[in-house]
Amino acid sequence: MARLSQLLLPTEREAPADAEALSHKLMVRAGLIRQVGSGLWSWLPAGWRVHQNVVQIVREEMDAVGCQEMLMPVVTPAELWKRSGRHGISELFRLQDRRGAELILAMSHEETLTFHMAGAVRSYRDLPKLIYHFQTKGRDEPRPRAGVLRTREFIMKDAYSFDRDLAGLDESYERLAGAYDRVFDRSGLEWYSVEADVGMMGGTGAHEYMAPCPAGENDVALAPGYAANVEVACADPQAVPPLPESVSGELHTPGATTIEALAGHLGVPAGNLLKAFPIVTESRGLVLVLLRGDHRVQEIKLANALGEAVRQATPDELSELGLEAGFMGPREGVEVLYDAAVTPGRYVTGANRSDHHVVIEVPAGERHDVRRVEEGDTVGGRTIRIEPAIEIGNIFKLGTRYSEPLGATYLDENGSERPIVMGSYGIGPARIAAAAVEQFADERGISWPRSIAPWDVHVVALGKAGSAERAEAEKLYGGLQEAGLQVLLDDRDAGTGEKLTDAELLGVPLRLVIGRRSLESGTAEAQARRGGRDLDPVALQGAPEAVSGLWRSLP
RNA sequence: CGGGGCGUGGCGCAGCCUGGUAGCGCGCACCGUUCGGGUCGGUGAGGUCGGAGGUUCAAAUCCUCUCGCCCCGACCA
């Protein structure tokens, strides 16, 4: 049933006042989604059609590489998560049943599936296996945002691979990566995959699939032939001229507590300064990370370089060691760590004394790449740019992170017991829908790629109820449906402007208008939503075939 | 978790500072009009002012507590 007169499609003239992101505004205005609570959203009929279209594409491509669909519950015994060590995660929703037994809402399903595999897999002959499901995930996000982009409950396609060794995992990983390429190509999005952080929990490789758009929460570093999340990106820094010899010794720098102020005061580029970033780790205590003044610490790279979690030092910890914010520099008794971009030479740094800096000679020695890459850095001579993107999928080589604690093992040819080697692979259909809105919307509204659009064709019937235009539109509606097209008919008793405006807001790829004017020539006017391009009018005689062809020619 | 902001008919907002029986636009219902870009005119319905407590003759407005929501940052298996 796709008559607008009867459909639940509450369009709005104005966006919710608190909406910021384009996809948030448009998806609410177009009647696709409605908010229930913070990070909790309902999908109205038209929105759900988009979501289901994405789901179907994912399903087909998963099946095509031999991935088997099943279903696991959301409510899960806490015991499984205690065994894997994930019960302590702060985003985990916890609950109790009537007897007081502890349960959780699954954030993903590694534990549950590994538990099943532990029981089902005995021999290397049972491997490999590729399994997936679509299921609701619960994540008590500290800050849900931007409509459906980051929510506390959402549907995810999560797949898992089970192999006997790393070589097998590599094969499964490549196979899923191929399926992912096809999913995102078919979704009509602009996308790319990037190197990603594997996290502190081990894992041997990870890629994220990114859809570039302004509302994206991730920053991606891009150069021809290079793409990486800035959490892990590495690049060659831009050169800076050496510090002029005229600047030397101890410098009186009253109030120059920021890099900008200090560089301005001395009249030298920020790259001549040495920034001190105090951190604390479990095993090392306080460490002064030293990097060029024009650079910033990338805390994930730093944590990976140190092999342990990192936090910023508190003011108390600093004053205990006689360090003063704004005038900090290397000093005896404090461990230092130099960023890789700090080449040996002269730099201005804090003198560990109020209102004073000092020029020091930095020697050659151990370096760690812990800085965030900057726009204008280079990779193999090619310049980096940084853009925001939405993470729409990820693939991750888990290894034995879950199989070991959950006892998922198999016997090899020699009869020795080995842990199963796993991979995990996620896709968020809601994010694909939101990314499509972000990427293709114009000032009039959404412009869906035809592969995920809620309908293929939007037929607008002008004229008043009972008119010849309305009757012809009804006929066209029926004919197009018989030709296998998904058709939405605007049969409301509304004004022309309202109908056309709503059609543009909703963003169905092909719009056909039947009005008095078009009837005179026995045609329906056709317009492609993408670009608002007028197409040749379609003769009502034989319209279904012509429209099918037209539709296939659209993006 | 830190910072900022907002809760007043379905949506968007004013009123609050300076207390005195709640208002505007859109939408909605009905009548007429119009019928190729949110047409025009008329009539009308709809609100415990997020909640609780307090001050006061009187609270949307002042005070206390509380719940909810948004934005920036931190965080993000």
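Chain naming here is simple, since letters A, B, ... match the order of the sequence lines and numbering starts at 1 in each.
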Engineer: Are a donor atom and an acceptor atom from the side chains of E208(A) and N218(A) found within less than 3.5 Å of each other?
Structural biologist: no
Engineer: Whole Å only: how far is the CD1 atom of I279(A) from the C1' atom of A74(B)?
Structural biologist: 17 Å
Engineer: Could you work out the separation of A59(B) and G53(B) based on their C1' atoms and round it to a whole Å?
Structural biologist: 13 Å
Engineer: Is there a donor in the side chain of S447(A) and an acceptor in the side chain of R529(A), or the other way round, less than 3.5 Å apart?
Structural biologist: no
Engineer: What integer number of Å spans the P atoms of U61(B) and G54(B)?
Structural biologist: 14 Å
Engineer: To the nearest Å, how far apart are R152(A) CZ and C75(B) C1'?
Structural biologist: 15 Å
Engineer: Given that I89(A) and G37(A) both sit by RNA chain B, which one's nearest nucleotide is further toward the 5' end?
Structural biologist: G37(A)
Engineer: Can you label the angle between the Y209(A) ring and the Y180(A) ring as parallel, tilted or perpendicular, going by 30° and 60°?
Structural biologist: tilted
Engineer: Distance check needed: G73(B) C1' versus E20(A) CD, whole Å only.
Structural biologist: 15 Å
Engineer: Can you tell me, in whole Å, how much space there is between the P of A58(B) and that of U21(B)?
Structural biologist: 15 Å
Engineer: U21(B) pairs with which nucleotide, Watson-Crick or G-U wobble, both distances below 3.5 Å?
Structural biologist: none
Engineer: Is there a Watson-Crick or G-U wobble partner for C62(B) with both distances under 3.5 Å, and if so, which one is it?
Structural biologist: G54(B)
Engineer: With rounding to the closest Å, how many angstrom separate the C1' atoms on G10(B) and G4(B)?
Structural biologist: 29 Å
Engineer: Would you measure the distance from the P atom in C67(B) across to the matching atom in A52(B) and give it in whole Å?
Structural biologist: 15 Å
Engineer: From M27(A) CE over to E438(A) CD, what is the distance, rounded to the nearest 0.5 angstrom?
Structural biologist: 9.5 Å
Engineer: Find the partner of A29(B): check Watson-Crick (N1-N3 plus N6-O4 or O6-N4) and G-U wobble (N1-O2, O6-N3) distances, both under 3.5 Å, and reply none if neither fits.
Structural biologist: U43(B)
Engineer: Write down the distance separating the P atoms in G46(B) and C63(B), rounded off to the nearest Å.
Structural biologist: 33 Å
Engineer: Rounded to the Å, how far apart are E14(A) CD and C11(B) P?
Structural biologist: 12 Å
Engineer: Can you measure R372(A) atom CZ to A74(B) atom P for me and round it to whole angstrom units?
Structural biologist: 10 Å
Engineer: So, applying side chain to side chain contact (heavy atoms under 4.5 Å, CB included) with I446(A), which one of L506(A), L32(A), V508(A), V50(A) is it?
Structural biologist: L32(A)
Engineer: Just how far, in rounded Å, is P of C69(B) from CH2 of W41(A)?
Structural biologist: 12 Å
Engineer: Among side-chain atoms of S108(A) and D158(A), is any donor-acceptor pair under 3.5 angstrom?
Structural biologist: no
Engineer: Distance check, C1' atoms only: C11(B) and G7(B), in whole angstrom units.
Structural biologist: 15 Å
Engineer: Rounding to an integer number of angstrom, what distance separates C30(B) and A45(B) when you compare their C1' atoms?
Structural biologist: 10 Å
Engineer: Could you give the CZ-to-C1' distance, from R143(A) to C1(B), as a whole number of Å?
Structural biologist: 13 Å
Engineer: About how many Å separate CD of E404(A) and CZ of R83(A), when rounded to the nearest 0.5 Å?
Structural biologist: 14.0 Å
Engineer: With nearest nucleotides of RNA chain B determined for E110(A) and G39(A) from heavy-atom distances, which residue corresponds to the more 5′ nucleotide?
Structural biologist: G39(A)
Engineer: At 4.0 Å (heavy atoms only), tell me whether P16(A) reaches a base, stays on the sugar-phosphate, or touches nothing.
Structural biologist: sugar-phosphate
Engineer: Return the pairing partner of C6(B) with a 3.5 Å limit on both distances, Watson-Crick or G-U wobble; otherwise return none.
Structural biologist: G68(B)
Engineer: Between protein and nucleotides 32-38 of chain B, map the contacts as a letter string: B base, S sugar-phosphate only, - none, heavy atoms under 4.0 Å, written 5' to 3'.
Structural biologist: ---BBBB
Engineer: Could you work out which one of C70(B), G73(B), G25(B) sits closest to the side chain of Q35(A)?
Structural biologist: C70(B)
Engineer: Expressed as a whole number of angstroms, how long is the span from D140(A):CG to C1(B):C1'?
Structural biologist: 13 Å
Engineer: Output yes when R296(A) and E374(A) qualify as a salt bridge under the 4.0 Å nitrogen-oxygen rule, no when they do not.
Structural biologist: yes
Engineer: So which nucleotide does C1(B) pair with, by the Watson-Crick or G-U wobble rule with both distances under 3.5 Å?
Structural biologist: G73(B)
Engineer: What does A19(A) touch in the nucleic acid at a heavy-atom separation under 4.0 angstrom: a base, only the sugar-phosphate, or nothing?
Structural biologist: nothing
Engineer: Considering every strand and a 4.0 Å limit on heavy-atom distances, what is the contact class for A146(A): base, sugar-phosphate, or nothing?
Structural biologist: sugar-phosphate
Engineer: Taking the cut-offs as 6.0 angstrom to the six-membered ring centre and 45 degrees off its axis, would you call K397(A) and Y173(A) a cation-pi pair?
Structural biologist: yes
Engineer: Name the closest nucleotide to the E91(A) side chain, picking from G12(B), C75(B), G73(B).
Structural biologist: C75(B)
